[in-house]
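Notes follow the structure.
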Amino acid sequence: MLRDGVALLTMPSWTVYGSDKSWAAELDADLDALAARNARALVIDLRGNEGGVDVGDRILARLIDAPLPSSYRRLVRYRRVPDELGPFLSTWDKSFRDWGSRAIGPDAAGWYTLRRDDDGDDIVKPAGARFRGRVVVLVDAANSSATFQFIERVRTHRLATLVGQRTGGNLRGINGGAFFFVRLPGSGLEVDLPLVGTFPPRAQPDAGITPDVAVKPTARDVATGTDTELEAALALLR
């Protein structure tokens with residue numbers, strides 16, 4: 001907790017697969033506590049966070065009163081990995097090997113539409129105690145995968161104010177969210193193979209997401225240890 005009822009949630013990485021910690025339960029407990037104490041505002045610091053697992057979905061679920069659809073289509077080229085390729089692939093989620101009923105298709109172009117779960121479309125549903133305070137998200141060029149997708153939803157549905165620098169990723173679509181690590185048997189080299197492509201419903205600029213409040217730290221800020229972007233967020237909340 002910072003001053004004046006403002007909470008700061010610092011998230012330098014969402015690469016939590018393989019972790020011994022129950023990150024989901026810990027995050028839920030923090031969000032429950034914020035809602036219970038009626039915190040006036042929440043600053044989510046995603047600077048330097050390239051992405052990882054869709055941790056942001058658990059935050060989105062606390063900011064909405066109705067199911068939140070994705071504005072991008074998630075497409076894959078397969079439903080199930082052939083058995084002969086299995087030994088050369090590793091990943092953090094075994095569901096990537098067989099999407100099952102989540103993969104709908106294929107269409108005429110060979111694409112399968114990927115649903116978030118077996119129960120419905122690619123949506124985030126409200127869950128847990130609703131946070132009613134203002135939300136600011138600190139962003140920068142590192143936000144290029146799961147964090148980019150979270151920021152895009154936040155911006156599209158006006159769930160928070162974005163402060164900082166233009167994100168990474170691309171409004172024309174990215175291919176983050178699910179990967180195989182392919183180990184080539186002859187050389188031993190490993191290749192990261194993206195599995196899911198995201199496609200916007202309409203033409204988009206070839207760029208990342210521009211924040212609502214652009215802030216660029218100066219050399220003096222770095223030298224003096226001044227967190228210009230956080231200070232801008234706090235000034236905005238005041």
Side-chain angles (χ1 to χ4, degrees), residues 7 9 11 14 16 23-36 38-39 41-46 49-76 93 95 99 101-104 112-139 143-164 167-178 195-205 208-212:
L9 177 60
M11 310 185 86
W14 285 353
V16 293
W23 63 267
E26 185 176 315
L27 178 58
D28 286 345
D30 287 341
L31 295 172
D32 283 340
L34 281 179
N38 293 318
L42 171 63
V43 178
I44 304 172
D45 187 355
L46 295 183
N49 187 336
E50 295 182 29
V53 176
D54 288 326
V55 175
D57 286 358
R58 303 191 82 86
I59 301 173
L60 289 172
R62 305 302 190 103
L63 305 180
I64 56 178
D65 293 313
L68 185 69
S70 174
S71 53
Y72 282 63
R73 294 186 302 151
R74 301 170 73 232
L75 304 180
V76 297
D93 188 333
S95 71
W99 296 113
S101 60
R102 294 172 60 191
I104 309 301
Y112 294 82
T113 298
L114 187 63
R115 300 190 303 187
R116 187 169 296 274
D117 53 45
D118 294 324
D119 299 325
D121 295 325
D122 187 18
I123 60 176
V124 176
K125 300 173 184 177
R130 175 76 152 82
F131 179 74
R132 300 287 178 183
R134 292 186 64 185
V135 181
V136 173
V137 183
L138 302 182
V139 302
N143 307 140
S144 54
S145 185
T147 44
F148 172 85
Q149 293 174 316
F150 170 79
I151 292 164
E152 188 278 326
R153 277 187 164 177
V154 162
R155 185 196 67 156
T156 298
H157 298 282
R158 300 184 181 277
L159 299 176
T161 302
L162 305 179
V163 174
T167 71
N170 197 294
L171 288 166
R172 291 182 177 176
I174 63 173
N175 57 7
L195 307 177
V196 181
T198 59
F199 296 82
R202 61 187 64 86
Q204 295 289 338
I209 296 171
T210 300
D212 301 300

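Below, each value reflects all heavy atoms present in this structure, side chains not excepted, and no hydrogens, waters or symmetry copies.
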Please tell me if the side chains of [X] and [Y] come closer than 4.5 Å, counting only heavy atoms from C-beta onward.
X: W14; Y: T147; answer: yes
X: L68; Y: L159; answer: yes
X: V135; Y: I59; answer: no
X: P211; Y: V163; answer: no

Side chain to side chain donor-acceptor pair (under 3.5 Å) involving [X] - partner list, sequence neighbours excluded:
X: R74; answer: none
X: D93; answer: S95
X: T156; answer: E152
X: R132; answer: D65

Run the side-chain contact (heavy atoms from CB on, under 4.5 Å) test against [X] and tell me which residues pass, sequence neighbours left out.
X: A35; value: A129
X: R155; value: L162, L171, I209
X: P126; value: I64, P67
X: R73; value: L75, F199

How long is the straight-line distance from [atom2] of [Y] back to [atom1] of [X], given to the nearest 0.5 Å?
X: T113; Y: I104; atom1: OG1; atom2: CD1; value: 7.5 Å
X: I123; Y: L60; atom1: CD1; atom2: CG; value: 12.5 Å
X: R115; Y: S70; atom1: CZ; atom2: OG; value: 14.5 Å
X: F150; Y: N143; atom1: CZ; atom2: CG; value: 10.0 Å
X: L42; Y: L63; atom1: CG; atom2: CG; value: 7.5 Å

Where do [X] and [Y] come nearest, in terms of heavy atoms and distance?
X: W99; Y: A178; value: CH2-CB, 4.2 Å
X: A146; Y: V53; value: CB-O, 3.8 Å
X: Q204; Y: R172; value: O-NE, 3.0 Å
X: S145; Y: G51; value: CB-CA, 4.5 Å

*asked:* So, using salt bridge (charged side-chain N to carboxylate O under 4.0 Å, His left out) as the criterion, who are the partners of D28 when residues are at least two apart?
replied: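 Listed in chain order: R58, R62.
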_Those residues that, when tested against R153, pass salt bridge (charged side-chain N to carboxylate O under 4.0 Å, His left out) (two or more places apart)_ =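 In terms of salt bridge (charged side-chain N to carboxylate O under 4.0 Å, His left out), with neighbours along the sequence ignored, R153 is linked to no residue.
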*asked:* My understanding is that only residues two or more places apart in sequence, or in another chain, count here; which of them pass ring-ring contact (aromatic ring centres under 6.0 Å, His included) with F148?
replied: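 Listed in chain order: nothing, the list is empty.
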*Pick from D45, V137, V55: which one makes a side chain to side chain contact (heavy atoms under 4.5 Å, CB included) with M11?*
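Single pass found, and it is V55.
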*Check for a donor-acceptor pair, side chain of R102 on one end and backbone N or O of L114 on the other, with a separation under 3.5 Å.*
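Such a contact is absent between R102 side chain and L114 backbone.
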*How far apart are the C-alpha atoms of T167 and L46, what are their side-chain angles, what is the distance that settles it, and do they pass the side-chain contact (heavy atoms from CB on, under 4.5 Å) test?*
CA-CA 10 Å; T167 71; L46 295 183; over 6 Å; no
